[in-house]
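Working notes, structure below.
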Amino acid sequence: MTTAGDIMHRGAQWIPAHETLDRAAQLMRQLNVGALPISDENERLCGILTDRDIVVGCVALGHDPSRVTAGDLAKGTPRWIDADADVSEVLEEMKEHQIRRLPVIHNKRLVGMISEADIARHLPEDQIADWAESVYARSTAR
């Protein structure tokens, strides 16, 4: 059985909800990632911040990224998966919620992230095709 822990990218880092978007962008650049999980004061997942969120939700609106926090852009119920979950559960979670990045949690701690690249790197073509069709077909139908 292939698990979330088997395909995830290790070394993911939180951005605290109180941290500013300019600092988040710097951390994304340093880590060479396009998304960061947002943690509350108890290091619990409270959202995901993407590079697109920073551009569209802050910069394009004329806001100052040094004055807007990651928590200001955290919306909705964050999705995550346990490191021991089967890869089929990973795919289903991502399909059902139309998400392209999924934090991986073990013992209530962030241990990694699963992105489209991780799926493409680790799964057979038929699973990739099914996942892509579900995620992209739904998102364009809106």
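For reference, positions follow the sequence shown, starting with 1.
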key: Any side-chain heavy-atom pair of T69 and E19 under 4.5 Å   = no
task = Could I get the full list of salt bridge (charged side-chain N to carboxylate O under 4.0 Å, His left out) partners for D53, not counting sequence neighbours?
result = none
query = Is a salt bridge present between D130 and K95, judged by a nitrogen-to-oxygen distance below 4.0 Å?
reply = yes
key: Residue pair V111 / M8, side-chain heavy-atom distance below 4.5 Å   = yes
message = Looking at every non-hydrogen atom in both residues, tell me the closest pair between A4 and V90 and how far apart they are.
response = CB-CG2, 3.6 Å
query = So which heavy atom on R67 is nearest to which on D72, and how close?
reply = O-OD2, 4.5 Å
query = Quick one: does I105's side chain get under 4.5 Å of L110's, heavy atoms only?
reply = yes
Set of residues satisfying side-chain contact (heavy atoms from CB on, under 4.5 Å) with respect to E125, sequence neighbours excluded = none
key: Value rounded to 0.5 Å, distance of CD1 in I48 from CD1 in I99   = 7.5 Å
query = So if you build clusters from Ile, Leu, Val, Met, Phe, Trp, Tyr with side-chain heavy-atom gaps below 4.5 Å, do L31 and L21 land together?
reply = yes
inquiry  = Are W14 and V104 connected into the same hydrophobic cluster when the rule is that any two of I, L, V, M, F, W, Y join if their side-chain heavy atoms are below 4.5 Å apart?
reply    = no
query = Under 4.5 Å between side-chain heavy atoms, hopping through other hydrophobics if needed: is there a path connecting L45 to L49?
reply = no
note = Taking every heavy atom of I38 against every heavy atom of A74, the minimum-distance pair comes out as CD1-CB, 3.8 Å
query = Which distance, rounded to the nearest 0.5 Å, do you find between the CG of L123 and the CG of L91?
reply = 5.5 Å
ask   = Can you tell if the side chain of H122 reaches within under 4.5 Å of the side chain of D6, non-hydrogen atoms only?
value = no
key: L36: which of M28, R101, M113 passes side chain to side chain contact (heavy atoms under 4.5 Å, CB included)   = M28
query = Considering residues at least two apart in sequence or located in another chain, which fulfil the salt bridge (charged side-chain N to carboxylate O under 4.0 Å, His left out) criterion with R29?
reply = none
query = Going only through I, L, V, M, F, W and Y residues with side-chain contacts under 4.5 Å, is there a path from W80 to I114?
reply = no
query = Is the shortest heavy-atom distance from the side chain of R79 to the side chain of E93 under 4.5 Å?
reply = yes
